[in-house]
Amino acid sequence: MAAASGLFSFYVFHGHMPARALAHAARDASRRARIALGLKKAPPAAKPRTSEKIPTVKWSELCRASGVVFHESDKADGNVNLAELAVLNALCRACRPRELFEIGTFDGRTTLNLAANSEANVFTLDLPAGHATKFEVVGGDNKYVNKPASGARFTSEPNCRLPAAQRITQLYGDSASFDFSPWHGRMDFVFVDGAHSHDFVMNDSRVALKLLRSGGGVIVWHDYGVWPDVAVALEDLLKEQPALPLRHVRGTSLVVARIGAGGR
Ligand SMILES: C[S@@+](CC[C@H](N)C(=O)[O-])C[C@H]1O[C@@H](n2cnc3c(N)ncnc32)[C@H](O)[C@@H]1O
């Protein structure tokens with residue numbers, strides 16, 4: 001009896017189940033091939049299911065007690081995602097920067113949030129459309145350069161009246177030729193999110209290091225693992241400066257360097 005049941009289990013696990021899996025895989029492959037050849041209609045994409053019986057809540061409302069402030073939760077193409085915004089806001093609150101610099105304003109969503117989560121004077125540099133650049137701005141970056149206005153999220157009503165918005169200074173220019181010297185050695189927090197080609201990321205990273213206060217501070221880069229050049233440039237930066245404490249924040253495309261006492 002025991003031998004028969006052993007034989008049956010052996011058949012189920014080593015015969016029946018693999019054969020079934022093989023048959024399903026063959027059926028799926030055949031279905032995909034027929035769809036690709038136009039012999040079969042693709043099934044409609046599954047719609048995400050939500051119920052109107054469950055009311056919605058703004059995630060920012062849930063986080064009020066943490067002291068972290070969120071503005072402009074809605075993400076536009078080009079912005080950091082919601083999780084990244086939460087990390088940036090919390091990190092900024094923890095670091096208590098007095099002076100903060102962002103390279104790459106875009107619509108100013110992150111700028112406004114960093115300002116709101118600190119008492120810092122915030123400087124943000126953006127490339128105006130049509131402005132000459134030292135390095136070529138590559139295809140994918142152009143759509144973020146060519147926009148009606150930089151910083152619209154903090155310059156338009158009602159956000160422009162927020163105390164945080166009053167601490168933001170918009171600067172314009174090409175990060176590879178801009179004169180950063182008035183800001184050198186003054187910054188506690190730098191966010192690098194300008195052009196994403198290798199030359200620009202290397203340039204902007206070196207600029208960020210020069211911007212930091214001598215006691216140190218925090219630099220955050222966006223788009224690690226999203227834009228291939230960002231990863232290559234950060235790895236090249238690490239070859240150039242092996243002591244740099246670069247850390248990829250798990251589950252995000254953020255890389256952080258907390259340098260010296262400023263990175264408390
Ligand atoms: C991806 S967007 C930045 C997104 C923004 N930091 C956010 O979190 O919402 C990139 C921005 O960098 C700017 N940019 C591109 N090349 C630049 C350059 N050479 N110098 C300064 N800014 C540049 C673009 O105009 C664009 O606004």
Side-chain angles (χ1 to χ4, degrees), residues 69-92 100-118 120 122-156 159 164-165 168-180 183 187 189-208 210-211 218-231 233 249 252-256:
V69 179
F70 293 96
H71 288 295
E72 297 287 306
S73 301
D74 292 343
K75 178 190 179 319
D77 177 21
N79 290 143
V80 301
N81 70 32
L82 221 45
E84 292 164 344
L85 190 64
V87 172
L88 280 159
N89 284 352
L91 186 62
C92 188
L100 187 154
F101 208 109
E102 174 187 43
I103 300 179
T105 316
F106 189 49
D107 64 4
R109 176 173 174 257
T110 304
T111 330
L112 178 63
N113 276 276
L114 293 176
N117 283 287
S118 66
V122 175
F123 302 91
T124 181
L125 176 74
D126 209 37
L127 181 70
H131 193 287
T133 52
K134 181 171 171 185
F135 308 119
E136 189 194 353
V137 175
V138 294
D141 270 323
N142 278 309
K143 66 175 169 175
Y144 306 124
V145 176
N146 299 324
K147 57 195 170 298
S150 303
R153 302 245 204 184
F154 60 80
T155 56
S156 45
N159 291 342
I168 301 174
T169 304
Q170 179 73 65
L171 305 166
Y172 294 102
D174 165 33
S175 63
S177 32
F178 186 79
D179 177 14
F180 288 95
W183 293 272
M187 298 297 129
F189 195 110
V190 184
F191 181 43
V192 180
D193 193 16
H196 298 86
S197 60
H198 186 272
D199 283 339
F200 273 115
V201 180
M202 289 304 282
N203 172 84
D204 296 354
S205 304
R206 293 187 188 115
V207 165
K210 282 192 188 155
L211 288 173
V218 175
I219 306 177
V220 185
W221 289 261
H222 187 225
D223 289 321
Y224 178 72
V226 175
W227 289 69
D229 267 21
V230 174
V249 184
T252 76
S253 72
L254 300 175
V255 166
V256 178

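As the structure lists them, so they are numbered: ligands from 1, and atoms in each ligand from 1. Heavy-atom basis, side chains included; hydrogens, waters and symmetry copies ignored. Throughout, numbering of the chain's residues begins at 1 and tracks the sequence.
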Practice prompt. Mark yes or no for whether Asp229, through its side chain, and Val201, through its backbone, hold a donor-acceptor pair below 3.5 Å.
Written response: no
Worksheet item: Is Asp126 in contact with ligand 1, taking contact as a heavy-atom separation below 4.0 Å?
Response: yes
Worksheet item: Below 4.5 Å, heavy atoms only, C-beta onward: do Lys75 and Leu82 meet side chain to side chain?
Response: no
Worksheet item: With no hydrogens and no angle check, is any side-chain donor or acceptor of Asn89 less than 3.5 Å from a backbone partner on Val69?
Response: yes
Fill in: Residue pair Ser205 / Trp221: nearest heavy atoms and the distance that separates them
OG-NE1, 2.9 Å
Practice prompt. Just need the protein heavy atom nearest to atom 8 (O) of ligand 1, so name the residue and atom and give the distance.
Written response: Thr110 OG1, 2.5 Å
Worksheet item: Does some non-hydrogen atom of Ala176 fall short of 4.0 Å from ligand 1?
Response: no
Item to complete: Give a yes/no verdict on whether any heavy atom in His222 is under 4.0 Å from an atom of ligand 1.
Response: no
Fill in: Student check: side-chain heavy atoms of His222 and Val192 closer than 4.5 Å
no
Worksheet item: If you count the atoms of ligand 1 from 1 in the order shown, which ones are under 4.0 Å from a heavy atom of Glu102?
Response: 6 (N)
Practice prompt. Please assess Gln170 against Thr105 for the test side chain to side chain donor-acceptor pair (under 3.5 Å), listing each intermediate value before the final yes or no.
Written response: CA-CA 8 Å; Gln170 179 73 65; Thr105 316; 3.0 Å; yes
Item to complete: Identify, for atom 17 (C) of ligand 1, the protein heavy atom at the shortest distance, and state residue, atom and that distance.
Response: Leu127 CB, 3.5 Å
Fill in: Whether Arg109 side chain and Val80 backbone form a donor-acceptor pair below 3.5 Å
yes
Worksheet item: Counting heavy atoms only, which of Asp193, Thr111, Asn146, Asn203 comes nearest to atom 10 (C) of ligand 1?
Response: Asp193
Discussion item. Could you check whether any side-chain heavy atom of Trp227 comes within less than 4.5 Å of a side-chain heavy atom of Asp141, counting everything from C-beta outward?
Written reply: yes
Worksheet entry | Those atoms of ligand 1 less than 4.0 Å from some heavy atom in Thr105 | 5 (C)
Item to complete: May I ask you to check if ligand 1 and His196 share an N or O to N or O distance below 3.5 Å?
Response: no
Worksheet item: Within the distance-only criterion (no hydrogens, no angle test), does the side chain of Asn146 pair as donor or acceptor with the backbone N or O of Asn142 below 3.5 angstrom?
Response: yes
Response to the item:
the protein heavy atom lying closest to atom 9 (O) of ligand 1 turns out to be Asn79 ND2, 2.7 Å
Item to complete: Would you check if the side chain of Asn203 reaches a backbone N or O of Asp199 as a donor-acceptor pair within less than 3.5 Å?
Response: no
Item to complete: Return the residue, atom name and 0.1 Å-rounded distance of the protein heavy atom closest to atom 16 (N) of ligand 1.
Response: Ala195 CB, 3.4 Å
Fill in: 4.0 Å heavy-atom contact, Asp141 with ligand 1
no
Item to complete: Return the residue, atom name and 0.1 Å-rounded distance of the protein heavy atom closest to atom 2 (S) of ligand 1.
Response: Phe106 CB, 3.6 Å
Discussion item. Checking contacts here: is it the side chain or the backbone of Val137 that comes within 4.0 Å of ligand 1, counting heavy atoms only? Could be both or neither.
Written reply: neither
Worksheet item: Short list, please: which atoms of ligand 1 are under 4.0 Å from a heavy atom of Lys147?
Response: 25 (O), 27 (O)
Discussion item. Applying a heavy-atom cut-off of 4.0 Å, say which part of Phe135 lies close to ligand 1: side chain, backbone, both or neither.
Written reply: neither
Practice prompt. Consider every N or O of Gly104 and every N or O of ligand 1, then say whether any pair is closer than 3.5 Å.
Written response: yes
Worksheet item: Do Val137 and Phe200 come close enough that some side-chain heavy atom pair is under 4.5 Å?
Response: yes
Discussion item. For the 3.5 Å polar cut-off, considering only N or O atoms, please tell me whether Ser175 and ligand 1 meet it.
Written reply: yes
Discussion item. List ligand 1 atoms under 4.0 Å from Gly173, heavy atoms only on the residue side.
Written reply: 20 (N), 21 (C)
Discussion item. When you measure from the side chain of Glu84 to the backbone of Ser253, do you find a donor-acceptor pair of N or O atoms at a distance under 3.5 Å?
Written reply: yes
Worksheet item: How far is atom 19 (N) of ligand 1 from its nearest protein heavy atom, and which residue and atom is that?
Response: Asp174 OD1, 2.9 Å
Fill in: Test applied, ring pair (Phe, Tyr, Trp, His ring centres under 6.0 Å); reference residue, Phe178; option that passes from Phe101, Trp183, Phe123
Trp183
Worksheet item: Looking only at N/O atoms, are Phe191 and ligand 1 under 3.5 Å apart anywhere?
Response: no
Discussion item. With a 4.5 Å cut-off on side-chain heavy atoms, are Leu114 and Leu88 touching?
Written reply: yes
Discussion item. Show me which atoms of ligand 1 lie under 4.0 Å from any heavy atom of Gly194.
Written reply: 10 (C), 12 (O)
Discussion item. At less than 4.0 angstrom from any non-hydrogen atom of Phe200, what atoms of ligand 1 do you find?
Written reply: 19 (N)
Worksheet item: For ligand 1, which atoms have a heavy atom of Val80 less than 4.0 angstrom away?
Response: 8 (O)
Discussion item. When you compare the side chain of Lys147 with that of Asp107, does any pair of heavy atoms fall below 4.5 Å?
Written reply: no
Discussion item. Among all the protein's non-hydrogen atoms, which is closest to atom 1 (C) of ligand 1, and how far away is it?
Written reply: Gly78 O, 3.4 Å
Worksheet entry | Inter-residue atom distance Thr111.OG1 - Ile168.CD1, 0.5 Å rounding | 6.0 Å
Worksheet, complete the sentence: Counting from 1 in the order shown, the ligand 1 atoms closer than 4.0 Å to a non-hydrogen atom of Val145 are 15 (C), 24 (C), 25 (O)
Discussion item. Geometry only, no angles: is Thr133 polar-contacting ligand 1 at N/O separations under 3.5 Å?
Written reply: no
